Amino acid sequence: MENQAAEVTINQVKLRIIQGDLTQQDTDAIVNAANPSLMGGGGVDGAIHQAGGPAILEECKQIVSRQGRLPTGKAVITTGGNLKARYVIHTVGPIWHGGNKGEPELLASAYQESLKLAADNSLTSLSFPSISTGAYGYPVSVAAKVAISAVITFLQQSTTSLKKVVFVLFDPQTFKAYSSALNEVTRQGNQRG
Ligand code: ADP
C-alpha cells in the first residue's frame, strides 16, 4: 500500500511529502541529485536523463564548458526535455564523511540554492528527491531533518513565486524518515512560535 501523503503550509506555500517517482512529477521543475560533472550517473540522476532524453545532457555539457564543474551545494537549471516538468534544476549534495565535514551546511545549501533558482525563474512548483541519501551515503534520518528544515527556513524567510514544494521519496523507508522529520520540525517550530 502507498503511504499517506503529508502536507503543511508555510508562508502560503504548500509543502508536501509523497512516495513516488520523481521523473513522473508535473511540477514546473524537478531537482536532480547530480554530481559535479553533470554528466549523468546512477540513481535518480540516471532515471531523469533516461526519462527526459538527450536535450538535458546537451545543456549540462554546455554549462560545464562555460563554467566548469558544479560545486557541492550549488545549483543550475536546464530544460526538462521530454519530462512533464519543463525544467530540471541540477544540484550537488555532499558525500557523507561522518558528519563533521560541513555536510549539513552543504546539504541545506543544495536545497536552498535550488529553491532560489526556481524563484529566480518565476517557477511556481518544484519537486525534490532525497538528495545525498543514495550513492552519497548520507544517513536518511539525519538528512531528512536537514532537508525539511532547510526548505521551511527558506520558505519562511522569502516570499517568492513558489506555491508548492514536494518531496518525492522513492521507497517507504525514505518516505517514513521524511514524514517523521516533518512532524518533528513543525512541532519544534510551533513550540517556539
Ligand atoms: P545521491 O548521489 O545524491 O545520494 P541517489 O540518486 O543515489 O543520489 O539517491 C538519492 C535518492 O533518490 C535515494 O533515496 C534514491 O532511492 C532516490 N531515487 C532513485 N530513483 C528515484 C526516482 N525515480 N524518484 C525519486 N527518487 C529516486
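Whatever order the structure lists them in is the order used to number ligands and atoms, beginning at 1. The structure displayed is predicted, hence computed values, not measured ones.
Closest of all the heavy-atom pairs between Ile77 and Ile63 is O-CD1, 3.9 Å.
Residue contacts with ligand 1 include Ser130, since one of its heavy atoms falls under 4.0 Å from the ligand.
Looking only at protein heavy atoms, the nearest one to atom 12 (O) of ligand 1 is Val44 CB, 3.9 Å. Phe170 CB, 4.0 Å is the protein heavy atom nearest to atom 17 (C) of ligand 1. Among protein heavy atoms, the minimum distance from atom 14 (O) of ligand 1 is reached at Thr133 OG1, 3.5 Å.
Between Thr124 and Thr27, every side-chain heavy-atom pair lies at or beyond the 4.5 Å cut-off. Side-chain contact between Ile18 and Leu169: absent, with no pair of heavy atoms (C-beta onward) separated by less than 4.5 Å. With contacts defined as side-chain heavy-atom distances shorter than 4.5 Å, the pair Tyr136/Ile131 does not qualify.
Numbered from 1 in the order shown, with element, the atoms of ligand 1 that lie under 4.0 Å from a heavy atom of Val168 read 25 (C). Against a heavy-atom cut-off of under 4.0 Å, Ala33 is close to the following atoms of ligand 1: 3 (O), 8 (O).
Annotation: Ala135 places an N or O atom under 3.5 Å from an N or O atom of ligand 1; distance criterion only. Geometrically, ligand 1 and Gly134 share a nitrogen or oxygen pair separated by less than 3.5 Å. Ligand 1 has an N or O atom lying under 3.5 Å from an N or O atom of Leu22, backbone or side chain. By the 3.5 Å distance cut-off applied to N or O atoms, Asp45 is not counted among the residues near ligand 1. An N or O contact shorter than 3.5 Å is missing between Gly137 and ligand 1 by distance. Polar contact with ligand 1: present for Asp21 (N/O pair, distance under 3.5 Å).
For atom 21 (C) of ligand 1, a protein heavy-atom neighbour is found at a distance under 4.0 Å.
Within 6.0 Å of CD on Glu7 lie more than 12 heavy atoms contributed by other residues, nucleotides or ligands.
Between Tyr178 and Phe128, the distance separating the two ring centers is not shorter than 6.0 angstrom.
The nearest non-hydrogen atom to atom 3 (O) of ligand 1, considering only Pro94, Ala51, Ser132, comes from Ser132.
Note on residues 63-90: pairs passing side chain to side chain donor-acceptor pair (under 3.5 Å), not counting sequence neighbours, are Asn32-His90, Thr78-His90.
Every residue meeting the ring pair (Phe, Tyr, Trp, His ring centres under 6.0 Å) condition with Tyr138, not counting sequence neighbours, appears here in chain and number order: Trp96.
With values rounded to the nearest 0.5 angstrom, Ser149 atom OG is found 7.0 Å from Gln188 atom CD.
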